[in-house]
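Comments concern the structure below.
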Amino acid sequence: MRIDKLLATMGFGTRKEVKQLLKKGAVFVDGVPVKDSKTKVNPEMQKVTVHGEEVVFKDTIYLMMNKPPGVISATEDHVQETVIDLLEEQDQILSPFPVGRLDKDTEGLLILTNDGQLSHSLLSPKKHVPKTYYAKIKGVVTQEDVDAFNDGVTLEDGYKTNPGALSILHSGEVSEIELIITEGKFHQVKRMFEAVGKKVTYLKRIQMGGLKLDEKLKLGEYRELTGEELERLSGKEVF
């Protein structure tokens with residue numbers, strides 16, 4: 001990889017700014033100053049430093065975000081704020097994208113990565129990756145609803161969903177529930193409750209596959225996945 005591309009990719013500036021760093025003698029490869037922007041380096045084998053700071057090369061990124069309401073799950077939008085807008089510049093550089101979508105007013109666990117293979121594995125209908133939601137429901141949720149969800153409910157367009165595991169945490173005028181589904185149809189949780197005559201007033205995803213939302217993350221905050229979390233997310237036990 002060319003040294004200027006490496007440094008630009010790792011967030012040390014634009015190609016033009018990187019060339020200035022090189023000209024000023026701020027860049028060293030294995031202890032030797034490098035000034036030619038076309039110099040080829042192997043970032044996995046050679047030590048590259050800028051002003052004495054070692055450049056840690058990575059070409060993949062795996063992030064867990066506690067998505068806030070009011071932000072859309074997209075890579076770019078000319079009008080609305082996206083989850084990518086919430087990332088630091090050094091994380092945006094690696095071009096991550098959201099794995100699946102959470103509705104604009106839905107919050108909770110969202111995975112962002114530039115690993116297309118992992119994204120496909122998590123989203124493929126054949127994999128049946130479970131997603132767990134916590135929700136507040138306007139209306140009394142009953143055992144009858146639990147049974148209906150367990151059989152799969154028919155949405156307003158005639159589509160019958162796969163079975164969903166509905167657990168009642170509190171039943172009342174405003175009920176609280178947890179729901180596990182293995183599909184990701186548009187507005188699916190909301191539409192499933194509409195099918196049984198009830199309305200979702202608050203929705204939060206708390207788990208996807210084997211990965212649970214880090215409760216320490218405040219709305220809008222994110223962090224990199226640990227190696228263990230990544231294994232849990234992509235491991236065979238998830239599917």
Side-chain angles (χ1 to χ4, degrees), residues 62-69 73 83 96-113 115-137 141-155 157 159-171 175-196 198 200-217 219 222-239:
Y62 303 93
L63 303 174
M64 172 197 297
M65 175 183 286
N66 187 357
K67 177 194 166 301
S73 301
V83 291
F97 51 84
V99 177
R101 292 177 179 271
L102 286 180
D103 299 339
K104 184 178 179 180
D105 60 350
T106 300
E107 57 188 64
L109 175 62
L110 185 67
I111 300 159
L112 298 108
T113 184
D115 185 338
Q117 186 172 356
L118 176 65
S119 178
H120 174 74
S121 294
L122 291 172
L123 298 178
S124 172
K126 296 179 181 179
K127 299 291 187 178
H128 302 294
V129 176
K131 306 167 193 68
T132 306
Y133 294 85
Y134 165 81
K136 292 182 180 180
I137 310 298
V141 179
T142 66
Q143 182 61 41
E144 189 176 286
D145 297 323
V146 173
D147 295 339
F149 275 54
N150 192 51
D151 290 336
V153 298
T154 302
L155 305 182
D157 61 359
Y159 175 80
K160 184 173 182 179
T161 69
N162 288 340
L166 176 61
S167 300
I168 302 173
L169 305 178
H170 169 75
S171 183
S175 299
E176 296 179 50
I177 63 92
E178 280 190 7
L179 175 64
I180 302 174
I181 58 175
T182 57
E183 299 174 286
K185 300 293 181 184
F186 183 68
H187 292 322
Q188 180 163 340
V189 176
K190 297 173 183 176
R191 293 165 69 199
M192 288 178 78
F193 276 99
E194 286 172 2
V196 294
K198 297 176 178 67
V200 174
T201 59
Y202 172 82
L203 185 61
K204 177 180 183 179
R205 184 159 65 193
I206 56 177
Q207 186 168 343
M208 186 172 187
L211 182 68
K212 292 183 178 180
L213 175 65
D214 184 344
E215 295 181 355
K216 295 178 183 176
L217 288 177
L219 287 171
Y222 69 95
R223 64 167 174 79
E224 290 201 45
L225 294 182
T226 65
E228 181 183 346
E229 287 172 332
L230 186 56
E231 286 181 10
R232 205 181 306 148
L233 188 63
S234 58
K236 292 180 181 178
E237 72 279 3
V238 171
F239 310 131

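Remember, it's a predicted structure, so these values are computed and weren't measured experimentally.
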ask   = About how many Å separate OG1 of T161 and CG of D151, when rounded to the nearest 0.5 Å?
value = 9.5 Å
task = Indicate yes or no: at least one non-hydrogen side-chain atom of Y62 is less than 4.5 angstrom from one of L233.
result = no
query = Side-chain contact, heavy-atom cut-off 4.5 Å: K198 with I177?
reply = no
key: Pairwise distance CG(L109) to CG(D214) - rounded to 0.5 angstrom   = 10.0 Å
inquiry  = Whether the side chain of D147 engages the backbone of E144 through a donor-acceptor N/O pair (distance < 3.5 Å, no angle test) should be reported.
reply    = no
query = Hey, are the side chains of T182 and V129 touching, using non-hydrogen atoms and a 4.5 Å cut-off?
reply = no
query = Is it true that a side-chain atom of T132 and a backbone atom of I206 form a donor plus acceptor pair closer than 3.5 Å?
reply = no
inquiry  = For the backbone of Q117 and the side chain of S121, can you confirm whether one donor and one acceptor N or O come within less than 3.5 Å of each other?
reply    = yes
request  = For A148 and V196, work out which heavy atoms get closest and say how close.
outcome  = CB-CG1, 4.4 Å
message = Can you confirm whether more than 12 heavy atoms, excluding those of H170, are under 6.0 Å from its NE2 atom?
response = yes
query = Does the side chain of Q207 come within less than 4.5 Å of I180's, by heavy atoms?
reply = no
task = Please indicate whether R101 has more than 12 foreign heavy atoms, meaning atoms of other residues, nucleotides or ligands, lying under 6.0 Å from its CZ.
result = no
query = With R205, which residues qualify under salt bridge (Lys or Arg N to Asp or Glu O under 4.0 Å), at least two apart?
reply = none
request  = Answer whether the closest heavy-atom distance between the side chains of N162 and I181 falls below 4.5 Å.
outcome  = no
remark   = Heavy atoms of E107 and P69 approach each other most closely as OE1-CD, 3.6 Å
inquiry  = If you compare all heavy atoms of M192 against all heavy atoms of L179, which two are closest, and at what distance to 0.1 Å?
reply    = SD-CD2, 4.4 Å
task = Might you point out which heavy atoms bring G100 and S73 nearest each other, and give the distance in Å?
result = O-CB, 4.3 Å
inquiry  = Please check this pair: side chain of D103 against backbone of D105, looking for a donor-acceptor N/O pair closer than 3.5 Å.
reply    = no
Taking every non-hydrogen atom, the tightest pair across K204 and L213 = CE-CD2, 3.6 Å
message = Ignoring hydrogens, what is the shortest heavy-atom contact between L166 and V146? Give both atom names and the distance.
response = O-CG1, 3.6 Å
query = CE/M208 to OH/Y133 distance, rounded to the nearest 0.5 angstrom?
reply = 7.5 Å
Atom pair CG (D157) and NZ (K185), whose distance is rounded to the nearest 0.5 Å = 8.5 Å
ask   = Heavy atoms, side chains only, cut-off 4.5 Å: are L217 and M65 in contact?
value = no
ask   = What is the distance from atom CG of L63 to atom CD1 of I111, rounded to the nearest 0.5 Å?
value = 10.5 Å
query = According to the interplanar angle, ranging from 0 to 90°, do the rings of Y134 and Y202 count as parallel (below 30°), tilted (30 to 60°) or perpendicular (above 60°)?
reply = perpendicular
task = Take Y159 and E183, measure what side-chain hydrogen bond (donor to acceptor under 3.5 Å, both in side chains) needs, and give me the verdict at the end.
result = CA-CA 12 Å; Y159 175 80; E183 299 174 286; 2.2 Å; yes
message = I need the E231 CD to L225 CG distance, nearest 0.5 Å.
response = 11.5 Å
